[in-house]
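The shown structure was predicted, so the numbers you read here are calculated from the model rather than taken from an experiment. Side chains included, hydrogens not; waters and symmetry mates left out as well; all remaining heavy atoms used. In what follows, every chain begins at residue 1, and chains take the letters A, B, ... in the order their sequences are listed.
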2 protein chains.
Amino acid sequence: MAGEARAEALGKAGQLDFPRPLTTVDVVIFAIRDDRLQVLLVQRPAGEGEPFPLSLALPGGFVDVAKDRDLAACAARKLKEKTGVISPYLEQLGSWGSAARDPRGWSATHAYFALIQADASALTNDARWFPIGGGRLKEKLAFDHGDILASAIQRLRNKVEYTSLPAFLMPAEFTLPDLQRVYEIVLDRSLEKSAFRTRILSADMIEPVAKMRRGPNRPAQLYRLKKGREPVYFVRTFNPPV
Amino acid sequence: MAGEARAEALGKAGQLDFPRPLTTVDVVIFAIRDDRLQVLLVQRPAGEGEPFPLSLALPGGFVDVAKDRDLAACAARKLKEKTGVISPYLEQLGSWGSAARDPRGWSATHAYFALIQADASALTNDARWFPIGGGRLKEKLAFDHGDILASAIQRLRNKVEYTSLPAFLMPAEFTLPDLQRVYEIVLDRSLEKSAFRTRILSADMIEPVAKMRRGPNRPAQLYRLKKGREPVYFVRTFNPPV
DNA sequence: CATACTTAGTTGTACAGTCCAACTTACTTA
DNA sequence: TAAGTAAGTTGGACTGTACAACTAAGTATG
């Protein structure tokens, strides 16, 4: 209990002048670009006393007790600052705190993950997209951001098995094969076409628009997300790979 | 990014002397007692300057940067202090942070939830079990602990639909109807017997012991958890109620 | 202008697992 | 011995996926 811990730490009731951990918020921002799942990273500054100078890191930083009403607002602010995106899918991922993760002292970060549509964003100069998977990215990140990123990918993959989360990675209008492709990119395995269609269409989450996508072959029906953008939860996962 | 936010807050590079939020850890501890899901709560102290004096609250308190290597260790310490239990199921639930949740200032708590077996615990004097559901508990809790508790219950119910989490609430040996009853208590609805048995037995998570539970009627096979106590994830939820 | 090619979308059969309900089994108690 | 109760099994209806073959609608090619 708070009172007790304070007494433990200090032996002085009614005061709060014991050491406090640093408090930060970091955001794992995903988008689909070039048919791959990509994550937005920034380069750390090189100033004196800066930990991990010039390393890649997740966008984030200290909570500003004057500016940020709460953690979600802080995460949304960081997302907006880096991408210009205002209202995407933003979910809390977890928190990481220890004595060792930041050389400046005991620190705890509150991690969020966001799904945005890459084309709808206007990046700041210091931010760049990096594809997931090929790049041996994990080891290159500052702090424990490699762990956080790995955790975000795992959470995303996991939820994609039984939710409509990929819909938030799509442009305003898309076809069912487009959507299936995004599922397959995130899951890194192919899905069965007819079962996929049955599932998505019976979930009542998208509606056809009066247009077709035309290409070098048979045109495809375009859809858009229905209003009320909460993700849909299915009662089954896609059957796992053999 | 950290360096930037610091500059924002301070305009003074290489220093960390801007205001830091309070950092706490709280633990939602669940157990089955008297055929009900119950949660462990403590009473807040009455000292001067104490917020929410004598209110009920989740066990928890400030991170002790000298004692706690990381957040999970801090949560495990609080769990141990209140219950004597050392190695239960302990999962991070999320974090809650805002300017308003604690009258002493901007604060963020890292919430964990634990599943333990009630009989295996030795409570401290200030801690008591409270049943979930009937008690209009939410409004009585200090801080935003009502929200945190509600969130923990939701997460637990949700996961029980497709995982073996209730196994961690069971004593060392139990019967399949015992386990089914715990699922039903948590989910607050009845499950179908044969489907339940098929699912649990084919999950390869429990093994029979060479004993039967005897009672006033047909004896039941006793089981225990298999080694390697990770929870099992099913590919389907129990079918939701009509 | 027919034919091949490609992708969109449908159909049908097999299969897995739940739901529902009836059934058998094994024990205690009257 | 019969009644009662909970453990555990069985079988048919139903839902949704897997797999595979099919039809549909367009472009490109000769």
Side-chain angles (χ1 to χ4, degrees), chain A residues 35 160-164 166 170-171 173-185 187 189-224 232-242, chain B residues 35 160-164 166 170 173-185 187-224 232-242:
Chain A
D35 239 43
V160 165
E161 292 280 357
Y162 61 91
T163 69
S164 63
M170 306 302 293
E173 298 186 346
F174 54 88
T175 68
L176 277 174
D178 288 345
L179 183 59
Q180 181 173 351
R181 212 161 296 126
V182 171
Y183 269 86
E184 291 174 341
I185 288 168
L187 291 177
R189 74 172 198 269
S190 62
L191 297 177
E192 207 284 317
K193 183 167 51 161
S194 63
F196 181 82
R197 298 176 70 92
T198 306
R199 173 183 285 213
I200 299 294
L201 289 175
S202 65
D204 192 43
M205 53 181 266
I206 58 177
E207 56 193 1
V209 298
K211 268 187 289 182
M212 305 292 276
R213 152 98 33 96
R214 316 206 140 262
N217 38 43
R218 178 172 174 170
Q221 180 64 54
L222 282 166
Y223 293 87
R224 66 169 168 234
V232 173
Y233 286 72
F234 306 114
V235 299
R236 295 173 67 159
T237 63
F238 291 106
N239 276 19
V242 276
Chain B
D35 239 44
V160 164
E161 291 280 358
Y162 61 91
T163 69
S164 64
M170 305 302 292
E173 298 186 345
F174 54 88
T175 67
L176 276 175
D178 288 345
L179 183 59
Q180 181 172 350
R181 213 161 294 126
V182 171
Y183 270 86
E184 291 174 340
I185 288 168
L187 292 177
D188 197 26
R189 73 173 200 268
S190 62
L191 297 177
E192 208 282 318
K193 184 166 52 161
S194 63
F196 181 82
R197 298 176 70 91
T198 306
R199 173 182 286 213
I200 299 294
L201 289 175
S202 65
D204 192 43
M205 53 180 267
I206 59 177
E207 55 193 1
V209 299
K211 267 187 289 182
M212 306 291 277
R213 153 98 31 97
R214 315 205 142 262
N217 38 43
R218 178 172 174 170
Q221 180 65 53
L222 281 165
Y223 294 86
R224 67 169 166 233
V232 174
Y233 286 72
F234 307 114
V235 299
R236 294 174 69 159
T237 65
F238 292 106
N239 276 17
V242 278

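The side chain of B:E192 has C:dC20 as its nearest neighbour among C:dC20, C:dA8, D:dA7.
For A:R236, no side-chain nitrogen or oxygen approaches OP1 or OP2 of D:dG16 to under 4.0 Å.
Between A:L222 atom CG and C:dA8 atom C1' there is a gap of 12 Å when expressed in whole angstrom units. The separation between B:Y223 atom OH and D:dA7 atom P is 12 Å, rounded to whole Å. Following rounding to the nearest Å, A:F234 (CZ) and C:dT18 (C1') show an atom-to-atom distance of 19 Å. Computed from coordinates, the A:L176 CG to C:dG9 C1' distance equals 9 Å when rounded to whole Å. For the pair B:K193 NZ and D:dG8 P, the interatomic distance rounds to 9 Å; values are reported in whole Å. Atom CZ in B:R197 sits roughly 16 Å away from atom C1' in C:dC19 (whole-Å rounding). Taking atom CZ of A:F196 as the reference point, atom P of D:dA18 lies 12 Å away to the nearest angstrom. The CG atom of B:L191 sits 15 Å away from the P atom of D:dA7 (whole-angstrom rounding).
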Could you give the side-chain donor-acceptor pairs of residues 208-218 of chain A under 3.5 Å, partners two or more places apart or in another chain?
| from | atom 1 | to | atom 2 | distance (Å) |
| --- | --- | --- | --- | --- |
| A:K211 | NZ | A:E173 | OE1 | 3.1 |
| A:R213 | NH1 | A:D178 | OD2 | 2.9 |
| A:R213 | NH2 | A:D178 | OD2 | 3.4 |

Collect all protein-nucleotide pairs involving nucleotides 1-4 of chain D in which both atoms are nitrogen or oxygen and the distance is under 3.5 Å.
none

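For the salt bridge (Lys or Arg N to Asp or Glu O under 4.0 Å) test, residues two or more places apart in sequence or in another chain that qualify with B:R224 are B:E207. Scanning for side chain to side chain contact (heavy atoms under 4.5 Å, CB included) contacts around A:I206 gives A:F174, A:L176, A:I200, A:L201, A:Y223, A:L225, with sequence neighbours left out. Remark: A:D204 engages A:K226 in a salt bridge (Lys or Arg N to Asp or Glu O under 4.0 Å) (not counting sequence neighbours).
Residues from residues 199-215 of chain A with heavy atoms under 4.0 angstrom of DNA chain C: there are none.
Taking the six-membered ring where tryptophan is involved, the planes of A:Y183 and A:F238 are perpendicular, since the angle between them exceeds 60° and thus also 30°.
The two atoms that bring B:S164 and B:F234 nearest to each other are N-CE1, 4.1 Å, heavy atoms only. Here the closest heavy-atom approach between residue A:M170 and residue A:V182 is recorded as SD-CG2, 3.4 Å.
At least one donor-acceptor pair under 3.5 Å links the side chain of B:R199 to the backbone N or O of B:R236.
Residue A:Y162 holds its OH atom at 11.0 Å from OG1 of B:T237, rounded to the nearest 0.5 Å.
Judged by atom type and distance alone, A:S194 reaches the base of D:dC19 through a side-chain donor-acceptor pair under 3.5 Å.
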